[in-house]
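Counting starts at 1 for both ligands and their atoms, following the listed order.
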Amino acid sequence: MQFRSTKSKMPLVSFKDAALNCLPEDEGLFVPDQTADFRQFFLHMDEKTSFNELVAAVAPSFFEGLLNPVSALKVAKNAFSFKPELIKLDDEYSLLNLFNGPTGVFKDFGIAFMSAVFEEILEKDKPVMIISAARPDTGVSMAHSLCGRKGISQVLLYPSGQINGLDPSAFIQNGGNIIPIQINGTFDDCQRLVIETIKDREFSERYNVTSGNSINPVRLFPQVFYYLYAFTQVKYFLGGDFFFSVPSGNFGNLLAGLYAWKFGMPVNGFIAAMNANNSMGDYILGKPFVPTPHINTNSPAMDVSIPLNYQRLASFYDEAPLVMRNMVYPASVDDALTLKTMDYVKNKYDVFIDPHAAVAFAAAMKINSTHKWNSNTHTIILATGHPARFADIVKKATGKAIKIPDFILALQKKCEPIAVISPHLDILENAIASVL
Ligand SMILES: *Cc1c(COP(=O)(O)O)cnc(C)c1O
């Protein structure tokens, strides 16, 4: 499959070029140029097909020319020692648990596959530097998957605040490949600096810099796999329409769902679940996009005022606005309802969910009660975070303590970045160059 910029039809680039040079010159973002039809690869699969079998079957059509069914299985095995887990709660709702990876968030899927792909394709090429904006609590996902990979160094930019869960022996000055840098600023500053660094052609060509955030298609597209997998798991009991409810911040997860649909997954729609940072809601309903100021909530991974993937989402709406109006349903959920929903789900189904999944659950209940769907409609809630990562909020919401597994405790261990700098490109580039 070839890729082009959201801003122009030409030139077309290969997936490899889009992955290694992840921002087009024209300020757009890479999107697939064609609509592929993946139905032949997954429609015959059922609940007995393993996640890695599905990945090996579908991935070669994305990574055309790079992966074949044999190497795709190798990459899948290298990437995934974990898999999505579908839990049917009742006739109306299922949870798609995406938090069984090494750092307890759904980002593990995209990052693990990206890391394994880079390792596979870089063997003969020059080393790359992957730069990513990370939150104090989720940057560890990136560090974990890329740690020790041959030919890859990784720069993690954190906003002010404590960073947790990194292993200092993996830092570059200790012989590892991680370069954690704290930026005196916000997460949005970190996202801006990632883009500025890549756009500084001299610097980015010297070090072969690309991004590990979902602006990079090689990070975004592996997230399509778990939607297709969820479909193979629910299709045997579906009696009617079905929807996914996606807790959204940068909208990478929702976009992966939209691509799964575009490439042939039969689905009736998506619920774009947002917390109080809901500026995309109006856009989805047909108004101009007006970013609102960043608000801190109890679902922090969704506290984004300008979603990184805005242009990709807009490309769907530019292409077929009317179709999209009947495909994506936005809903915003405040902190109080988030807590209430965590408690409701624990009482009704005896399951703990994290605040991000709770936003998706509450949004689905809102949308399902205001739209007159067919009576046997089923909604899959994407549970993006491990509830034990948010043990305090779980306790506050449900009054019950959740057992925290050892791997989550390890992620909460405090550590120090290798540099603390102000949010300026030249200062950042000097800081990186000084440790290489
Ligand atoms: C990153 C994250 C989200 C938001 O996903 P986007 O792809 O940025 O929309 C939701 N939940 C959790 C737990 C996350 O870590």
Does [X] count as lying over the ring of [Y], i.e. NZ or CZ under 6.0 Å from the six-ring centre, within 45 degrees of the axis?
X	Y	answer
R135	F187	yes
K262	F316	yes
K88	F237	yes

Could you tell me which atoms of ligand 1, counted from 1 in the order shown, lie closer than 4.0 angstrom to a heavy atom of [X]?
X	result
N253	7 (O)
P247	4 (C), 5 (O), 10 (C)
T384	10 (C), 11 (N), 12 (C), 13 (C)
A301	1 (C), 2 (C), 4 (C), 12 (C), 14 (C), 15 (O)
S248	9 (O)
G252	6 (P), 7 (O), 9 (O)

CZ/F244 to CE/M265 distance, rounded to the nearest 0.5 angstrom?
->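 If we round to the nearest 0.5 Å, F244:CZ and M265:CE are 4.5 Å apart.
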Location of contacts on F106 toward ligand 1, heavy atoms closer than 4.0 Å =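 It is the side chain that gets close, since no backbone atom is under 4.0 Å.
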Could you tell me whether K366 atom NZ has more than 12 heavy atoms of other residues or ligands within 6.0 Å of it?
->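 Counting other residues, nucleotides and ligands, NZ of K366 exceeds 12 neighbours.
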Are any of the N or O atoms of [X] closer than 3.5 Å to those of ligand 1?
X	answer
K107	yes
V105	no
H356	no

For residues N275 and D303, is any side-chain donor paired with an opposing acceptor at under 3.5 Å?
->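 Yes.
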In terms of side-chain geometry, is the basic nitrogen of R192 or D189 positioned less than 4.0 Å from the acidic oxygen of its partner?
->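 Here R192 pairs with D189 in a salt bridge, since their nearest N and O are under 4.0 Å apart.
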Taking the side chain from Q162 and the backbone from C415, do they hold a donor-acceptor pair closer than 3.5 Å?
->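 Answer holds: yes.
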Proximity winner for atom 6 (P) of ligand 1, if only heavy atoms of V246, D108, N250 are counted |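 Residue with the shortest heavy-atom distance to the ligand atom: N250.
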